[in-house]
Amino acid sequence: MNIEATLQQHISKAIETLYGTAVEAESIKLETTKQDFEGDYTFVVFPYLRASKKNPEQTANDIGNYLKDTCDDVADYNVVKGFLNLVVAENYWVNTFYNHIAPNKEFGKTTTGQGHKVMVEYSSPNTNKPLHLGHVRNNLLGFSLSQILEFNSYEVVKANLINDRGIHICKSMLAWQKFGNGETPESSGLKGDHLVGKYYVEFDKHNKEQIKELIAKGITEEEAAKNTPLLKEAQEMLLKWEAGDEEVKNLWQTMNGWVYAGFDATYKRLGVSFDKFYYESQTYLLGKEIVQEGLDKKVFYREEDSSVWIDLTDENLDKKLLLRRDGTSVYMTQDLGTADKKFEEYGCDKSVYVVGNEQEYHFKVLFSILKKMGKSYADGLYHLSYGMVDLPEGKMKSREGTVVDADDLMDEMHNTARELTLELGKIDGFNEVEQVELFETLGLGALKYFLLRVDPMKRLVFNPKESIDFAGNTGPFIQYTHARINSLLKNVSESGFETGTAAPHTVLPHERDIIVWLTKFPKTVEDAGREYNPAIIANYTYELAKLYNRFYRESPVNKEPDENLKAFRVILTQTTGQVLNKSLALLGIKAPERM
RNA sequence: GGACUCGUGGCUUAAUGGAUAUAGCACCUGACUACGGAUCAGGAGGUUGGGGGUUCGAAUCCCUCCGGGUCCA
C-alpha cells in the first residue's frame with residue numbers, strides 16, 4: 001500500500017478514536033508539504049474542528065501524536081497553525097525504493113485504463129498545403145496523450161481524419177493545371193506537400209489580381225471576391241469532383257498522393273504515427289441516416305421549409321442546423337456520422353478529439369447532440385482543446401505568408417542545436433552520422449518540450465528566433481541529465497562494480513528528495529491521463545532532472561569508498577535514468593545515450 | 001446580441017480552496033587540479049488585470065468591470 005493511503009487510514013482512525021466522528025479514509029486530503037517547512041505530507045485540520053471542538057493547534061497536535069504512536073511510517077510531526085506536517089520515516093522511503101521502485105522496470109505504469117479502448121484523433125490536416133506550427137502543437141499533444149493513455153493501460157487507436165476534399169483542394173489543382181507546366185515533386189525537387197501548397201498560394205495571387213480587375217470595373221469588393229473567373233472555375237471543378245468526373249478525380253488523386261508523401265516525411269521526422277486514417281472524401285456524405293434517426297427519436301425537428309434542426313437552448317447553446325432545406329448536410333452532420341462510424345469500427349468507450357479551441361463550440365454541440373440521441377459512447381467523448389500558436393507579429397495567416405512551416409521549423413531547430421553544440425565543443429568522439437542524429441534529437445527535443453510544457457489551453461507565442469533556449473527548463477537540459485547518467489553508469493559498469501551488495505542505510509536529504517519525487521511518478525502519469533494534459537508530465541520530468549543534478553553535484557558516486565553506499569547511489573542513478581527515459585518517451589522526446 | 005477562454009515579477013511559466021505564491025530566462029554574487037560546468041549554491045525582483053462577495057483560509061469559487069483571443073446567429 002502506498003504511503004498516502006496508509007496516512008489517510010491512520011488519520012481517519014485518529015479522528016474516530018479521539019473525537020468519535022467517523023470519517024472516510026478516502027475523503028481525507030493530503031498535500032505535499034511546502035518546501036520551507038519540515039515534513040513530507042501535510043494534513044490541514046481546519047475542516048475537522050467541528051469534530052474535535054478544539055482549536056487548530058490542539059487538534060493538529062492530538063492527531064500528530066496519535067499518528068506518531070500508532071503508525072510506524074510516521075517518524076515525526078510538527079504543527080504550524082492548523083497545518084499538521086508529517087515526517088515519513090526514512091526507512092519507509094528507502095524500503096519502498098529498494099523493493100518497489102528500483103526493481104520495477106515498468107515503474108509508473110498504472111492499470112486505470114484496463115478494459116477500456118480509446119480513440120485519439122489528432123493532426124487532421126488539409127491536403128492543400130504543408131503542415132505548420134499549429135499542426136506541430138496538435139501532433140505533439142495528440143501523440144503524447146496517446147503514449148500517456150497507453151501507459152495507463154488503455155488500448156489506444158491513433159486516428160487522423162484528413163480533409164482531402166473541398167474547394168481549397170480544387171484551388172491548388174486548378175492553379176497547378178493553369179500555371180504548373182506539369183511540374184512534379186521529382187522535376188522540381190520540392191516536397192510534395194510544399195509543391196501543392198505553392199499552387200494554393202499561386203491561386204490566391206492570380207485570384208487577387210482578378211478581384212482588382214473587377215473592382216476597377218466598378219464592382220464592389222465584396223461582390224468581386226465572390227465572382228472572379230478563377231473562383232468560379234474552382235467551384236465548377238468541385239462540382240465535377242462530386243459528380244465523379246474522371247479527369248478531375250485523377251488529378252486529385254495524383255496531387256493528394258504528393259501531399260501524403262510529404263506528410264509522411266514530416267510525421268516521421270516529428271516522431272508521430274497513426275493506426276488509422278480517415279478521409280473526408282469518404283466520410284463527408286455520412287450522417288444522413290443519423291438525421292433520420294434523430295427525427296424518429298424526436299430529438300431533431302423539421303422546419304416548414306423542410307430543413308432539420310436541433311434545439312439546444314436548454315443547454316445554453318443555440319438552435320443548430322443539421323440538414324439544409326435542399327437536403328445537403330453541414331459539417332455537424334458529417335461529424336455525427338463519423339462519430340458513429342468510428343464506434344461501429346472500433347467500439348471505443350472513450351474518444352478524444354485534439355482540435356484547436358476555435359472549435360470548442362462545435363464540439364460542445366456535437367457531444368450534446370450525441371448525448372441527447374442516447375449514444376452509448378457519448379459520455380466518453382472529450383475535446384482536447386488547445387490555444388492557437390501565434391507569432392510575435394500576430395496571428396499566423398497562410399495567405400499573408402506569415403505561417404511557420406513545420407519542415408522549416410524543424411530545420412531551424414536542428415541548425416540551432418548544431419551551432420550551440422559546436423560552440424560548446426561537445427562532439428568529441430562523434431562521427432558525422434552520429435553528429436547529425438544528435439543535432440536532430442536535441443533540436444526536436446527542445447521544440448517538443450517547449451510546446452508541451454505549457455498548459456494546452458493557453459495560447460502560445462512562438463518566437464522562432466528567440467523563444468527556444470537550450471538552458472534552464474528545456475528539453476535539452478533533461479536530455480543532458482539523461483546522457484550524463486548513462487555515461488556515469490557506463491563508467492561504473494566498466495570498472496567492474498557490482499551493485500548486488502546494496503542494503504538499507506541512511507540517505508542524504510537530496511537523495512531522499514529524489515526517492516520521494518520518484519514515488520510521485522505513477523500518480524503524475526495518471527493525473528496527466530485524466531486531465532488529458534502532457535504538461536503535467538513535462539513539469540514532473542524537469543523537476544526530476546533538476547533533483548538529479550543537485551544529487552550529482554553533491555554525492556560523488558565513483559569516488560565513494562563505502563561499497564554499500566556506492567551501490568545505493570548507482571541504483572538511484574539507474575532508477576532515475578529509467579524514469580527520465582520513460583517520461584521523456586511519454587512526451588515523444590528521445591533520450592540520447594550520450595551527447 | 002449570446003457563449004467560451006486566457007490575464008501571475010522585465011519575459012516565459014507552476015500551484016486537487018490552504019501556510020511566507022513555484023520555477024526558468026535575463027540581471028547580480030560565488031563554485032571548475034571536474035563521477036561530463038549544456039551544471040550547482042546564493043541574491044535581487046510580486047498589491048496573482050481592477051473592484052466587490054462567499055470562506056477559518058481565494059491566483060483558484062461567485063458577481064462586476066478592464067484587456068487579449070475565439071466561437072455561434
Side-chain angles (χ1 to χ4, degrees), chain A residues 29-37 39 42-47 49-50 55-56 79-85 312-313 315-321 332 356-365 383 385-388 390 392 394-395 417 420-421 423-426 428 442 446 450 453-463 466-481 483-492 494-495 497 510 523 527 530-531 535-536 538-540 542-543 545-546 548-560 566 569-570 573 594-595:
Chain A
K29 289 181 181 173
L30 286 170
E31 302 168 38
T32 47
T33 303
K34 294 259 174 192
Q35 270 182 348
D36 298 340
F37 299 90
T42 297
F43 174 60
V44 183
V45 302
F46 287 111
L49 295 183
R50 197 169 296 170
N55 71 37
V79 175
V80 183
K81 291 189 273 184
F83 298 88
L84 171 60
N85 298 321
L312 295 168
T313 45
E315 298 187 26
N316 239 337
L317 302 164
D318 292 303
K319 291 177 182 175
K320 182 76 198 173
L321 175 73
M332 190 61 74
N357 64 8
E358 76 276 10
Q359 296 217 39
E360 245 161 47
Y361 187 85
H362 175 82
F363 281 104
K364 262 185 197 163
V365 172
H383 173 204
S385 171
Y386 61 91
M388 297 283 96
D390 291 322
K395 201 174 153 62
L420 203 75
T421 305
E423 207 175 288
L424 289 163
K426 286 252 170 198
D428 290 348
L442 288 174
F450 183 86
R453 64 178 254 261
V454 181
D455 190 318
M457 275 309 287
K458 291 195 178 180
R459 67 184 277 205
L460 202 62
V461 178
F462 187 88
N463 185 332
E466 298 165 19
S467 66
I468 303 239
D469 203 328
F470 285 77
N473 188 357
T474 63
F477 171 82
I478 301 165
Q479 290 174 317
Y480 175 71
T481 306
R484 193 158 64 174
I485 285 173
N486 248 37
S487 145
L488 174 58
L489 292 173
K490 200 173 150 214
N491 287 343
V492 169
E494 277 170 4
S495 73
F497 182 77
H510 51 269
K523 198 166 178 293
D527 277 355
R530 194 184 302 136
E531 310 272 335
I536 298 174
N539 287 312
Y540 172 89
Y542 171 62
E543 195 62 33
K546 218 164 52 159
Y548 186 81
N549 275 305
R550 189 170 304 156
F551 159 79
Y552 179 87
R553 284 262 146 240
E554 293 174 16
S555 306
V557 172
N558 273 347
K559 288 179 177 174
E560 179 54 59
K566 180 170 175 179
R569 288 178 178 165
V570 170
T573 299
R594 62 195 180 118
M595 61 188 268

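First the proteins, then the strands, lettered A, B, ... as listed; each starts at 1.
- On the C1' atoms, B:G67 is 15 Å away from B:G51, given to the nearest whole Å.
- Nearest heavy-atom pair, A:Pro476 versus A:Leu442, reported as atom, atom and distance to 0.1 Å: CG-O, 4.1 Å.
- Put simply, NE2 on A:His383 and CD on A:Glu360 are 6.0 Å apart, with the number rounded to the nearest 0.5 Å.
- Within the 4.0 angstrom heavy-atom criterion, base atoms lie near A:Phe83.
- Residue contacts shown for A:Pro556 include a base, since a base heavy atom lies under 4.0 Å away.
- OP1 or OP2 of B:C6 has not a single side-chain nitrogen or oxygen of A:Lys458 nearer than 4.0 Å.
- Of the candidate nucleotides B:G36, B:G24, B:C72, B:C72 has the atom lying nearest to any side-chain atom of A:Asp318.
- Separation of the C1' atoms belonging to B:G50 and B:G7 is 12 Å when rounded to the nearest angstrom.
- At distances below 3.5 Å, at least one donor-acceptor pair connects side-chain atoms of A:Asp469 with backbone N or O atoms of A:Ala471.
- A:Thr42 comes within 4.0 angstrom of a nucleotide base, judged by non-hydrogen atoms across all strands.
- A:Leu420 comes within 4.0 angstrom of a nucleotide base, judged by non-hydrogen atoms across all strands.
- Per the geometry, NZ belonging to A:Lys29 stands 17 Å off C1' belonging to B:A19, to the nearest Å.
- Between the CE atom of A:Met457 and the P atom of B:A59 there is a distance of 22 Å, given to the nearest Å.
- With P as the reference atom, B:C65 and B:G2 are 11 Å apart, rounded to whole Å.
- Distances shorter than 4.0 Å separate some side-chain N or O of A:Lys34 from OP1 or OP2 on B:A19.
- Distance A:Met332 CE to B:A73 C1': 14 Å, rounded to the nearest Å.
- If you check every strand for non-hydrogen atoms under 4.0 Å, A:Pro47 touches a base.
- Ring stacking holds between A:Phe46 and B:G18, with the centres under 5.5 Å apart and the planes within 30 degrees of each other.
- Picking from B:U70, B:A14, B:U39 the nucleotide with the shortest atom distance to the side chain of A:Glu358 gives B:U70.
- Between B:C32 and B:A21, the distance separating the two C1' atoms is 35 Å to the nearest Å.
- Take A:Arg594 and apply the salt bridge (Lys or Arg N to Asp or Glu O under 4.0 Å) test, not counting sequence neighbours, and it matches A:Glu434.
- When distances are taken from the side chain of A:Asn549 to each of B:U13, B:C40, B:A38, the shortest belongs to B:C40.
- Distance noted for atom C1' between B:G9 and B:C4: 29 Å (whole Å).
- B:A3 has no base stacking with the ring of A:Tyr361 when judged by centroids under 5.5 angstrom apart and an interplanar angle below 30°.
- Contact check, A:Arg484 against B:A38: no side-chain N or O comes under 4.0 Å of OP1 or OP2.
- Along RNA chain B, the nucleotide closest to A:Asn85 and the one closest to A:Phe551 are compared, and the more 5′ of them pairs with A:Asn85.
- One interatomic measurement links the two molecules: CG of A:Leu460 to P of B:A14, which rounds to 10 Å at whole-angstrom precision.
- Among residues two or more places apart in sequence or in another chain, the salt bridge (Lys or Arg N to Asp or Glu O under 4.0 Å) test is passed with A:Glu315 by A:Lys372.
- Contact annotation for A:Ala535: no contact, since no heavy-atom pair falls under 4.0 Å across all strands.
- Rounding to the nearest 0.5 Å gives a distance of 12.5 Å between CG of A:Asn486 and CZ of A:Arg484.
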*Stepwise side-chain contact (heavy atoms from CB on, under 4.5 Å) test for A:Asn558 and A:Lys566*: CA-CA 7 Å; A:Asn558 273 347; A:Lys566 180 170 175 179; 4.2 Å; yes

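- Put simply, NZ on A:Lys319 is 17 Å from P on B:A3, counting in whole angstrom units.
- Put simply, the residue from A:His510, A:Arg550, A:Glu560 that forms a side chain to side chain contact (heavy atoms under 4.5 Å, CB included) with A:Ser555 is A:His510.
- Atom CG of A:Asp455 and atom P of B:A59 are 19 Å apart (whole Å).
- The same atom, C1', is picked in B:U8 and in B:U47; the two are 12 Å apart, to the nearest Å.
- Taking every side-chain heavy atom of A:Ser487 into account, B:G36 is the closest of B:G36, B:A19, B:C72.
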_Could you go through A:Val44 and A:Lys29, starting from their C-alpha distance and side-chain angles, then the distance that decides it, and tell me whether this counts as side-chain contact (heavy atoms from CB on, under 4.5 Å)?_
CA-CA 8 Å; A:Val44 183; A:Lys29 289 181 181 173; over 6 Å; no

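- Of the candidates B:C25, B:A41, B:A19, the closest approach to any side-chain atom of A:Asp469 belongs to B:C25.
- Note that CG of A:Leu420 is 6.0 Å distant from CZ of A:Phe470, once rounded to the nearest 0.5 Å.
- Each of A:Gln35 and A:Asn539 has a nearest nucleotide on RNA chain B; the 5'-most of these lies closest to A:Asn539.
- Protein atom CG of A:Asn558 is 12 Å distant from nucleotide atom C1' of B:G36, rounded to whole Å.
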_Nucleotide pairing, RNA chain B (Watson-Crick or G-U, distances under 3.5 Å), in dot-bracket with [ ] and |_ = (((((((..(((.....[....))).(((((.......))))).....(((((..]....)))))))))))).

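- The side chain of A:Lys81 has B:U20 as its nearest neighbour among B:C40, B:U20, B:G24.
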*Apply side-chain contact (heavy atoms from CB on, under 4.5 Å) to the pair A:Phe551 and A:Thr573, showing each step before the final yes or no.*
CA-CA 9 Å; A:Phe551 159 79; A:Thr573 299; 3.8 Å; yes

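- B:A19 atom C1' lies 5 Å from atom CZ of A:Phe37, rounded to whole Å.
- A:Ser555 comes within 4.0 angstrom of a nucleotide base, judged by non-hydrogen atoms across all strands.
- Which of B:U20, B:G18, B:A38 sits closest to the side chain of A:Asp36 comes down to B:U20.
- Straight-line distance between the P atoms of B:A15 and B:U54: roughly 28 Å, to the nearest whole Å.
- At B:A41, one or more side-chain N or O atoms of A:Arg550 fall inside 4.0 Å of OP1 or OP2 (strictly under the cut-off).
- Rounded to the nearest Å, the gap between the C1' atom of B:A44 and that of B:C27 is 9 Å.
- Residue-to-nucleotide contacts include no donor-acceptor pair under 3.5 Å from the side chain of A:Thr481 to the base of B:A38.
- The nucleotide whose nearest atom lies closest to any side-chain atom of A:Lys320 is, among B:A73, B:A41, B:U8, B:A73.
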